[in-house]
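Residue numbering restarts at 1 for every chain, and letters A, B, ... go by the order of the sequence lines. Here the structure is a predicted model, which means the values were calculated and not measured.
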Amino acid sequence: MNSNIILKVEKGKKYSEFLDNNMKKNIIACKQNSIMHDLSDVCDTSGDAEFIDISSEEGLKILRHSTAHLLANAIVELYPDAKPNTSNEDNIIFYYDFDMSPISIDDFSPIEKKMEEIEKRNEPIEKIVLDKEGILEIFKNNPYKTDKINENVNDGEASSVYREGNYMEFCRGPHVPSTGFIKAFKLLSVSSTNYEGDINKQKMIRIYGTSFPEKKSLREFLLRREEAMKRDHRRIGHEMDLFIFDNERAPGFPFYTPNGAIIRNELINYMKELNEKNGWEDVWTPHIYRETIWRESGHYDKYKNDMFLFQLSNGDHYGLKPMNCPGHIAIFQRSVHSYREMPVKYSEAGTVYRYEKSGEMGGLTRPRAFTIDDGHGFLRPDQISEEVTSLLKTVPFIFNTIMGNSEISYDLSTMDKDHPENYLISYICFECNQKFEMRGASSELKCPNCGSIRLKEDFSMWDNATENLKNALNNLGLPYKEKPGDAAFYGPKIDVHIKDALDRLWQVSTIQLDFFMPINFDLSYIDADSKKVRPVILHRAIYGSYERFIAILLEHFNGKLPTWLSPVEAYIIPVSENYSDYAEYVHRELCKNHIRSKLDLSQNTISKKIKLIRGMRPSYIIVVGENEKNSGTISVRNRNDRTKSYNLNDFIDNLDREVRDHNIKQIF
RNA sequence: GCCAUUGUAGCUCAGUUGGCAGAGCAGCUGAUUUGUAAUCAGCAGGUCGGGGGAUCGAAACCCUCCAAUGGCUCCA
């Protein structure tokens, strides 16, 4: 990646005038006093300016933005009725939304050809400043652009439009100086969306693509993308015979086969070990409850349509649990708790059921039933910081152990105070001064005590919880991004993401503070001065869900799991029938030592057996014949196809240590 | 739920303008006794996702439902 260049610029000259011909090949824009400019802009103050290289982070963004416009240019040339709406780009991909008849990826080739043609023409991308009326006149046939102009330009003010050949774009810029800079692009996919994300508004066709400064990096990107596709956990899961989906009989519900159940159980057992160490007690709660509990918890209000609800013939209403917390709360409520026994911490591999809409499911990452390594801590307010801190220390330990040195990032999701209707919050009545908690559209809100609708929102509990999470992150020196509006309906949370071997980010752990369920369920503990006090609930999951985490592991390791998680730890092949006895002996010895061993006594050749078992990705393939039988050894082949001879007992000792220590690396 | 694409043997996939439903692998049987990514031969395997329709005739055309995939929306 080239870096940006700082140059001295003078007022009254164009930015491009400060570049020599060599620089003009890669410099595409300029930033002065934190404002981005096109190179054709005239400086309004003298001083230092940062010239943006096309391969810098900002440069790539400008390139992708410009490529989106090139796409729009090509689309309106090929489909004159298409009305461009707007584009966006992230760190790799861009998209552009059009009001047009549906197209498919089969239509991409002519569009890409047209884009190439415009690129070859090297059309200048020219900035034109016009007053609002002038701009509205240009886009009078495009209601989407008209909306945007009215939103962004005040009456009587001027703004920029860009000309690229015959194509005009209402945009703030900056762009690459001409289409010739857009040398390596590819359209990737097409989907539909609605204008302004509103399902009731006009349908739009969204076309995705990417763009790079040169062909080589585009090729690398496409290769990585293909590799990611090959690593799809659904494909690997099938090859390793881990799970199935029965699409006719239980759409969206995973079935674990014996191999898959081994992985799942190993992960559950490991979590149990860690929970015990950290004072989380295992519980078990039912999967079905009367709907009353979901009304108490507030889930019914917000998630009724996403729950599996049913009615018995006697008229009773029941629902499958969409979350585990009410079950854990019910257990907490079985007795009176002293402040001395706090915190009370329950954990469970708890399966929850959510009616995901048909188009929203995807393999193990988004099923309709999944099992959370769920935990609920009932805390005194003074214990919040210690518990959150302890969890934030456990999280990296676990992911480093299981996945290797993984990059971990943290988000702090807070409430959006402009949309209080999305959350449980407290209100204070202006009339009678009563304080109460509620969620709902503001028009329906009234004081439960006096019926007044003159209410004031009280955010103090939310602010307090958010502060607590922030402090824990700060005290451990963990950098985090704040995500306003992403909080759960009952409280703020910390979300943890890990990067996998292909540099993809996955959300895993979540740590949430909740001051509202304790109110809904009227929870309390007895204080030192015998008064009832409200506990705080801490919701936490570390893996997230077993389904999702297994999917992440399969894609991260390309199915070649660490041995302790591997369904087949040893696969034994005798060279011929003559050595079946010795192979059986080896197999028995491994089994005796709790090693998951499989013995292949079929008639096939060794080569064929290895070929056929490769998809299963056994940790070790063991071949035994004359030599091994005579010397009490085995010939071992590891996951990377290296072979080594081992004394049987040495192999067992080594393997035992590898598994016990949860090693990622094999014994050789 | 919305848009696009797709659904043929356990798996991967052919099947042309509508004219007898195919292959490879896996499975079974037999031969072969094998030294690290496919030994040979034979056999068996199908409501062509479900339902409806136009046609002398449909896996193919039309309608409808179900499901999957890629996105959108959503994800407590």
- Note on the structure: Result for 5'-nearest mapping on RNA chain B, choosing between A/Tyr353 and A/Arg206, is A/Arg206

- Between B/rG24 atom P and A/Leu612 atom CG, what is the distance in whole Å? 16 Å

- Task: Give a yes or no on whether a donor-acceptor pair under 3.5 Å exists between the nucleobase atoms of B/rC74, that is its base, and the side chain of A/Arg366.
- Result: yes

- Query: Taking only residues two or more places apart in sequence, or in another chain, which ones meet A/Asp514 in a salt bridge (Lys or Arg N to Asp or Glu O under 4.0 Å)?
  - Reply: none

- Item | Selection residues 605-643 of chain A - residue pairs positive for ring-ring contact (aromatic ring centres under 6.0 Å, His included), sequence neighbours left out | A/Tyr620-A/Phe651

- Quick one: label A/Tyr208 by what it contacts on the DNA or RNA (base, sugar-phosphate, nothing), any heavy atom closer than 4.0 Å. sugar-phosphate

- Message: Does the structure place the NZ or CZ of A/Arg64 under 6.0 Å from the centre of the six-membered ring of A/Phe94, at an angle of no more than 45° from the ring's axis?
- Response: no

- Task: Whole angstrom is fine here: how far is it from CG in A/Asp97 over to C1' in B/rU73?
- Result: 13 Å

- Query: CG of A/Asn247 versus P of B/rG50: gap in Å, rounded?
  - Reply: 15 Å

- Note on the structure: Whether each nucleotide of nucleotides 28-34 of chain B has a protein heavy atom under 4.0 Å at its base (B), only at its sugar-phosphate (S) or at neither (-) is summarised, 5' to 3', as ----BBB

- Please report, rounded to the nearest Å, how far the P atom of B/rA38 is from the CD1 atom of A/Ile613. 15 Å

- Message: Working note: A/Asp232 + A/Arg235, criterion salt bridge (charged side-chain N to carboxylate O under 4.0 Å, His left out); need CA distance, chi angles, decisive distance, verdict.
- Response: CA-CA 5 Å; A/Asp232 187 308; A/Arg235 178 202 288 251; over 6 Å; no

- Just one of A/Asp374, A/Thr371, A/Asn324 clears the side-chain hydrogen bond (donor to acceptor under 3.5 Å, both in side chains) bar with A/Thr351, so which one? A/Thr371

- Message: Please classify the nucleic acid contact of A/Met361 as base, sugar-phosphate, or nothing, using heavy-atom distances under 4.0 Å.
- Response: sugar-phosphate

- Message: Students often get this wrong, so: under 4.0 angstrom with heavy atoms, is A/Gly363 touching a base, only sugar-phosphate, or nothing?
- Response: sugar-phosphate

- Can you tell me the distance, in whole Å, between the CD1 atom of A/Ile610 and the P atom of B/rA37? 5 Å

- Item | Contact list for RNA chain B against residues 234-243 of chain A - heavy-atom distance below 4.0 Å | A/Arg234, A/His238

- Message: Heavy atoms only, 4.0 Å cut-off, all strands: where does A/Tyr95 land among base, sugar-phosphate and nothing?
- Response: nothing

- Message: When you measure only distances, ignoring hydrogens and angles, does the side chain of A/Glu628 come within 3.5 Å of the base of B/rG35 through a donor and an acceptor?
- Response: yes

- Message: I'd like to know whether the aromatic ring centres of A/Phe378 and A/His328 sit less than 6.0 Å apart in this structure.
- Response: no

- Query: How far apart are the C-alpha atoms of A/Tyr423 and A/Trp462, what are their side-chain angles, what is the distance that settles it, and do they pass the ring pair (Phe, Tyr, Trp, His ring centres under 6.0 Å) test?
  - Reply: CA-CA 10 Å; A/Tyr423 312 97; A/Trp462 277 86; 5.2 Å; yes

- Query: Between B/rA68 atom C1' and A/His233 atom NE2, what is the distance in whole Å?
  - Reply: 13 Å

- Which is true for A/Gln512 with a 4.0 Å heavy-atom rule: it touches a base, it touches only sugar-phosphate, or it touches nothing? sugar-phosphate

- Going by number, which of residues 631-640 of chain A have a non-hydrogen atom under 4.0 Å from RNA chain B? A/Ser635, A/Arg637

- Rounded to the Å, how far apart are A/Glu356 CD and B/rG71 C1'? 16 Å

- Task: Whenever both distances are under 3.5 Å in a Watson-Crick or G-U wobble pair, mark it; put RNA chain B into dot-bracket that way, with [ ] for crossing pairs and | when the partner is on another strand.
- Result: (((((((..((((.....[..)))).(((((.......))))).....(((((..]....))))))))))))....

- Item | Protein-nucleotide distance (A/Glu248, atom CD; B/rG50, atom P), rounded to Å | 9 Å

- Message: Between the side chains of A/Lys493 and A/Asp411, is the shortest nitrogen-to-carboxylate-oxygen separation below 4.0 Å, so that they form an ion pair?
- Response: no

- Task: Kindly indicate, with the supporting measurements, whether the criterion salt bridge (charged side-chain N to carboxylate O under 4.0 Å, His left out) is fulfilled by A/Glu239 and A/Arg617.
- Result: CA-CA 9 Å; A/Glu239 287 170 2; A/Arg617 296 160 168 91; 2.9 Å; yes

